[in-house]
Amino acid sequence: MAQVNKFIKQLQGRLNYQMALREICNASIVFLSGTLLIAIIYVLRGYRVNCVWYFLPLAIAIIFFMLRYISKYCKIQTSADYADRHFDLKNALVSDLDFADEPGAFHQLRREQTEKLCAADKLKTIKFKFPRKILLIALGLLLLTSILSIMDDSEDIRNARDRAAQIEKNSDEINKELKKKYQEMLKKLKPNEKKLLKKSGLTEKFQKLKKQKELKKALRQYGKLEREIKNFSARMKLAEKERLLRMMAKKLMKSKMTKQFGKKLNSGKYREAAKELRRNKLSDIDPKNKLEQMKKLRMKRILEKMLESAKDAGQMNSSLSKELEDLLESLEECDELGDLEEINCKLGKICDDLDDLDDLKKFLIKLNKMCKACNKAQYACKSNSFCLSDKAGKGKGIGSAAAANFDNKDKDPDDKGYITGLKGQKNKGSSRIKIEEAASGYGVSRRAGRAVKASSKRQMESFISRDDVPPAMKTGVKEYFTKIHKKESINE
Amino acid sequence: MSETRQVLESPEEVEKAVSSFRSTFESLQNEISKFIVGQENIIEDVLIAVISGGHVLLEGVPGLGKTALVTTIAQVLHLDFKRIQFTPDLLPADLLGTNLLIEREGEKTFVFQQGPVFTNILLADEINRATPKTQSALLETMQEKTVTVANTTHRLDLPYFVLATQNPLEMDGTYPLPEAQLDRFFFKLHVKMPEHHHFAAILDRTTGIETVDINAVADGGAVLEMGTTARQVPIADTIRDYMINIVLATHPDNKNASKEVKKYLRYGASPRAAQTILLAARIKAILGGRFHVAKEDIDAVAIPALRHRLILSFEGQAEGMTTDKIIEDILKNAE
């Protein structure tokens, strides 16, 4: 019995060992197929293979091996059945396992007979069939994977990486430049301007500028900043106020009496205009004092004309109009000395408003410079340079002499031919030529159409966001654009 | 002669019994082969059935030596032998016997007159020519080995075997055996045409002046003893399950039944078929020199034990399918 059991166990060990070897070969196929797949994916995309990913098929192959080993594990019963078939034992071992220690003469004889059949040297006849086909396939896969694994990045990928590095470097430099410019602007700002700027949160946004590897992200970053500066400027409503003042100036310039003040308002010199207005300060209400009466009359004219303009522009509710109206009323009712102070006080307030407007204008000019810097940053990003200077470079650049066109008219007088050659640097610089590709056949280029539509939409939006355009015109333009857009959609 | 079941307790007894079994079986085969040529498998199967105490249905065209085989077996076993030619007008009383009114010393009494079934080996020649009523008269004798007439049961002497023959070609005026009758046959054997060299030997032995002397090499007791020995051969659970699976696979309503079985069979084999296979497989194991039953023993006896127990469906009959083919398929797919 012990001999039979020992025989079956030895056989079981041998079978499981052989099965494990076979499954290792199968698992190696799984592993190598996986690695080949990964390698192909990398190579097709033009990248050098990242071998860390090979751990994934390795893990899968190990799990595959373990599952197969567990599912195919040869149990005692299976081993006995295999031996019965392999050695033609006529189910002697299977029967022996079933009967175990069954008593009886027949069983005793059966056991003796089975023991005789279980000679240890029989096991050696169960030879391991070397899975040649699988190993050959594995070798082929290994070779392919190895070849693909040592392949370097494609030229496109190397160029793309270089470009990304260049963009990163450029964006870093541009960021530094922008921050530097911003700091310089901050130094030049007055305390009240600084206060205004602090509310906008632009300082934090400039500090948070990051270097970008992708051109799109970099452009988006600067574009966003530019938009925010513009929005902040728009919130100040300077343009609206200026438009009203220009309208008033035009009216004022028509009269000799108010021409001087009108000119200054029209030229945007609000501080000087305020100074001019202050000259009309009254000091006496005596009707005999002609100079004072003149001042009063001029001021009255100015106020009337300004209010007329405000009325024409539909801006009677603006703070300036109210102040003007208030002052005019005070002037008309002025008959005591005590009223003079009130009039002068109201006049001073209007002048102060004009002074503030002048300060705001100057502040917005500074901000506009930052806005332009952001715009230039976008262009610099595109053209791989990081110069944000407002001034144009002087003289020829490096290599411009070498790249200049040449001719032979001075060199060889006998040569009757006249040649003008074009010089350039081979393989240097980015190509300025863009090749647009389209499928053959009939059809409408949607991309170009879309680009035009987007561009006109942007134009329309920027037009209606302008403060110097009357609302009626804005509505008209918007309706026109909407109609065109609808028509195009229907045509499409 | 009464049936005895002696349990073999020591290995020596077993070895002796098994060795005696093999030698007797071999002697019987050799002795029968003196007269019956080219039918070695049929001889072996008939002997297995006889040792198991079963009955055999021999099917074959006329002139193949079916009747000669049965008479030879009776001779070699030195057993009482009777032959009945089944005809349509044969009555059950003609088989079983009847009570006759006899006057003895002035008194009239009924005396049972035994029919030809009271023997050890009964040759029911062309059994399908008798009416179903007459065929059914054999049911009790084949299963219980008794005859009941007028409320009196008469026991038959053991061993008792019915060896029936039928002709597959002549179907006019025949009555197919009912399923219950067929199921009582241990084996159904197809007697085939002998091969060329066997043919020559048959002609030499049967058409010359010299006759073959058939000697008795065993008796009824020896046959019963051989049966007792065979019944003690152990069978492992795995092998028994294998056999049960085969029998169950013949049932079209079984979940493991193959497409062919579901399509071509109407009914499968009964548990009696499993008993038959096991008894025959045990004898095969002894003949194979083993002390346990193997799958190949089961496979070897499955076809003769099952072929007459499976009933083909209309589709099976229409497509000319045979039960042998279906059993072969079942054996191929058996686990």
Side-chain angles (χ1 to χ4, degrees), chain A residues 1-12 14-16 19 70-119 122-123 125-126, chain B residues 5-22 225-246 277-302 331-332 334-335:
Chain A
M1 184 68 190
Q3 193 188 331
V4 175
N5 282 347
K6 192 181 164 189
F7 178 81
I8 296 172
K9 282 199 171 167
Q10 280 177 343
L11 178 83
Q12 185 193 16
R14 197 175 180 87
L15 289 176
N16 282 329
M19 184 266 290
I70 291 165
S71 66
K72 287 197 161 190
Y73 184 79
C74 218
K75 292 174 186 168
I76 288 277
Q77 197 76 22
T78 322
S79 309
D81 192 41
Y82 178 86
D84 280 341
R85 277 184 283 113
H86 187 79
F87 301 119
D88 197 20
L89 301 180
K90 318 273 185 198
N91 306 110
L93 297 180
V94 169
S95 299
D96 195 73
L97 284 177
D98 275 1
F99 289 127
D101 293 322
E102 200 87 28
F106 257 99
H107 285 294
Q108 194 179 329
L109 288 169
R110 183 194 51 74
R111 269 195 293 275
E112 285 169 14
Q113 197 178 42
T114 311
E115 278 172 9
K116 278 177 197 167
L117 294 169
C118 297
K122 270 189 175 179
L123 288 175
T125 61
I126 301 174
Chain B
R5 293 274 163 91
Q6 191 198 342
V7 179
L8 302 168
E9 285 175 349
S10 68
E12 292 76 26
E13 276 178 0
V14 172
E15 273 189 340
K16 195 180 166 190
V18 167
S19 139
S20 160
F21 184 104
R22 280 189 209 130
E225 204 173 294
M226 285 166 85
T228 308
T229 306
R231 281 171 183 268
Q232 292 175 56
V233 176
I235 178 167
D237 290 349
T238 315
I239 311 298
R240 194 189 54 214
D241 291 345
Y242 171 77
M243 182 193 72
I244 292 168
N245 285 341
I246 289 171
I277 293 171
L278 181 53
L279 283 170
R282 281 178 158 146
I283 294 171
K284 274 275 183 189
I286 294 177
L287 295 177
R290 276 173 278 110
F291 296 99
H292 67 274
V293 177
K295 283 181 183 174
E296 69 167 35
D297 300 328
I298 307 274
D299 293 348
V301 297
L331 291 176
K332 261 185 211 169
E335 283 178 8

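Numbered from 1 within each chain, the chains take letters A, B, ... in sequence-line order.
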Given that the side chain runs from C-beta out, which part of B:Val18 has a heavy atom under 4.5 Å from chain A: side chain, backbone, both or neither?
-> side chain

Residue pair A:Phe99 / B:Ala236: nearest heavy atoms and the distance that separates them | CZ-N, 3.2 Å

Check chain A and chain B for donor-acceptor pairs under 3.5 Å and report each one on its own line.
from	atom 1	to	atom 2	distance (Å)
A:Lys90	O	B:His292	NE2	2.8
A:Lys90	NZ	B:Glu296	OE1	2.8
A:Lys90	NZ	B:Glu296	OE2	3.0
A:Asn91	OD1	B:Lys295	N	2.6
A:Asp98	OD1	B:Thr238	OG1	3.2
A:Asp98	OD2	B:Asp237	N	3.2
A:Asp98	OD2	B:Thr238	N	2.6
A:Asp98	OD2	B:Thr238	OG1	2.3
A:Gln113	OE1	B:Phe291	N	3.4
A:Gln113	NE2	B:Gly289	O	2.6

